[in-house]
**Q** 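To start, I am sharing the structure in question, which I have written as structure tokens.
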Amino acid sequence: MTADTYWNHNVHYHPVVLDAVPDGCRAALDVGCGDGLLAASLAARADTVTGVDRSPEMVRLASKRQEGNLSFLAGDYRDGTLLDEGSYDFVSAVAVIHHAMEDPIMNWREVRRATAQVLPGRRYRRRLLWRYTLVWDKPA
Ligand SMILES: C[S@@+](CC[C@H](N)C(=O)[O-])C[C@H]1O[C@@H](n2cnc3c(N)ncnc32)[C@H](O)[C@@H]1O
């Protein structure tokens, strides 16, 4: 298996993210991009893709990827100065948000309730392997 073809429980859900990319997507952001595997796939569907990860080692690995429309930033996505707020057409985060939660051990019902408040209209779906997906379209 090469670095581009490995599988794990996170990678299993990358197609869900790729399917959600809108037509004509200009700028995409992958939050907590890890080694950049998803960002590299997004590069085929968006004009430009930025990956951000707080692990310098992950960003070093990701930066070896060759896609010309792909770039990576090392830092915390919650740092208000790092990312260009409002400039992305599409934002993904796979297996990342729970790292920032005060109580990462929420049950599905709690996650459903909390995300409905934060992201009204979000589409929540329970998945296999103790996972869930959230898809939210920012109101026009
Ligand atoms: C479980 S890995 C998932 C990697 C990748 N999204 C995937 O699908 O394989 C979580 C990643 O999120 C990154 N991360 C966690 N909290 C972060 C934060 N506050 N800012 C940026 N990256 C963060 C970690 O460094 C790690 O690479």
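No experiment lies behind these values; they were computed from the predicted model shown. Whatever order the structure lists ligands and atoms in, that order sets their numbers, starting from 1.
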**Q** List ligand 1 atoms under 4.0 Å from Arg78, heavy atoms only on the residue side.
**A**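 By the 4.0 Å cutoff, the relevant atoms are 19 (N).
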**Q** Any atoms of ligand 1 less than 4.0 Å from a non-hydrogen atom of Tyr77? List them with their elements.
**A**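 Contacts of ligand 1 toward Tyr77, numbered from 1: 17 (C), 18 (C), 19 (N), 20 (N), 21 (C).
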**Q** Provide, to 0.1 Å, the distance between atom 13 (C) of ligand 1 and the closest protein heavy atom, together with that atom's residue and name.
**A**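 Here the nearest protein heavy atom works out to Asp53 OD2, 3.4 Å.
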**Q** Do Thr115 and Trp136 come close enough that some side-chain heavy atom pair is under 4.5 Å?
**A**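 No - every pair of side-chain heavy atoms lies 4.5 Å or more apart.
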**Q** Does His99 reach ligand 1 with a nitrogen or oxygen that is under 3.5 Å from one of the ligand's nitrogen or oxygen atoms?
**A**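 No, His99 has no N/O under 3.5 Å of an N/O on ligand 1.
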**Q** What atoms of ligand 1 come within less than 4.0 Å of a heavy atom belonging to Gly75?
**A**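 What qualifies from ligand 1 is 20 (N), 21 (C).
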**Q** Are more than 12 heavy atoms from other residues, nucleotides or ligands located less than 6.0 Å from atom CZ of Arg127?
**A**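 Atom CZ in Arg127 is packed in, count exceeds 12.
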**Q** Considering only the protein, which heavy-atom contact is closest to atom 10 (C) of ligand 1, and what is its distance?
**A**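 Nearest protein contact, heavy atoms only, for atom 10 (C) of ligand 1 is Ala95 O, 3.4 Å.
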**Q** What protein heavy atom lies closest to atom 7 (C) of ligand 1? Include the residue and the distance to one decimal.
**A**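 Answer, as residue, atom name and distance: His14 NE2, 3.7 Å.
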**Q** Just checking, any donor-acceptor pair under 3.5 angstrom between side chains of Arg125 and Thr133?
**A**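 Arg125 vs Thr133: no donor-acceptor pair found between side chains.
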**Q** If you look at every heavy atom in Leu82 and Leu73, which pair is closest and at what distance?
**A**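 Heavy atoms only, the tightest pair is O-CD1, 4.0 Å.
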**Q** Can you see which heavy atom on Gly34 is nearest to which on Ala62, and at what distance?
**A**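 Taking Gly34 first and Ala62 second, the nearest heavy atoms are O-CB, 3.8 Å.
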**Q** Are side-chain N/O atoms of Asp35 and Tyr6 paired as donor and acceptor at under 3.5 Å?
**A**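 Asp35 vs Tyr6: donor-acceptor pair found between side chains.
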**Q** Show which atoms of ligand 1 fall inside a sub-4.0 Å distance from at least one heavy-atom site of Gly34.
**A**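 Those of ligand 1 that fall under 4.0 Å from Gly34 are 27 (O).
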**Q** Under 6.0 Å from the six-membered ring centre of Tyr124 and within 45° of its axis: does the NZ or CZ of Arg112 meet both?
**A**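 Judged by the rule (NZ or CZ under 6.0 Å from the ring centre, within 45° of its axis), Arg112 counts as positioned above Tyr124.
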**Q** So, 4.0 Å and heavy atoms of Ala93: is ligand 1 close enough to count as a contact?
**A**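 Contact absent.
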**Q** How far is atom 9 (O) of ligand 1 from its nearest protein heavy atom, and which residue and atom name does that atom have?
**A**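 The closest heavy atom on the protein side is Asn10 CB, 3.8 Å.
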**Q** Looking at atom 12 (O) of ligand 1, what's its closest protein heavy atom, distance included?
**A**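 The answer is Gly32 CA, 3.5 Å.
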**Q** Can you tell me the protein heavy atom closest to atom 15 (C) of ligand 1 and the distance?
**A**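 So the nearest neighbour among protein heavy atoms is Arg54 NE, 3.6 Å.
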**Q** Considering both backbone and side-chain atoms of Asn8, is one of its nitrogen or oxygen atoms within less than 3.5 Å of a nitrogen or oxygen in ligand 1?
**A**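 N/O-N/O distance under 3.5 Å: no.
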**Q** Side chains of Ser92 and Asp30 only: does a donor on one sit below 3.5 Å from an acceptor on the other?
**A**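 The answer is yes; a qualifying pair exists.
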**Q** Among protein heavy atoms, which lies nearest atom 3 (C) of ligand 1, and at what distance?
**A**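 Protein heavy atom with the smallest distance to atom 3 (C) of ligand 1: Val94 O, 3.5 Å.
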**Q** Does even one non-hydrogen atom of Val96 get within less than 4.0 Å of ligand 1?
**A**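 The answer is yes, since Val96 has a heavy atom less than 4.0 Å from ligand 1.
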**Q** Is it true that Arg26 and Asp89 have a side-chain N and a carboxylate O under 4.0 angstrom from each other?
**A**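 Salt bridge between Arg26 and Asp89, a charged N being under 4.0 Å from a carboxylate O: yes.
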**Q** Does CD belonging to Glu57 count more than 12 external heavy atoms closer than 6.0 Å?
**A**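 Yes.
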**Q** Can a cation-pi geometry be assigned to Arg126 and Trp108, taking NZ or CZ under 6.0 Å from the six-membered ring centre and within 45° of the ring axis?
**A**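 Yes, a cation-pi geometry.
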**Q** Is the closest heavy atom of Asp76 to ligand 1 under 4.0 Å?
**A**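 Contact present.
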**Q** Does the N or O separation between Met58 and ligand 1 drop below 3.5 Å for any pair?
**A**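 Looking only at distances, the answer is no, because the N/O contact criterion of under 3.5 Å is not met.
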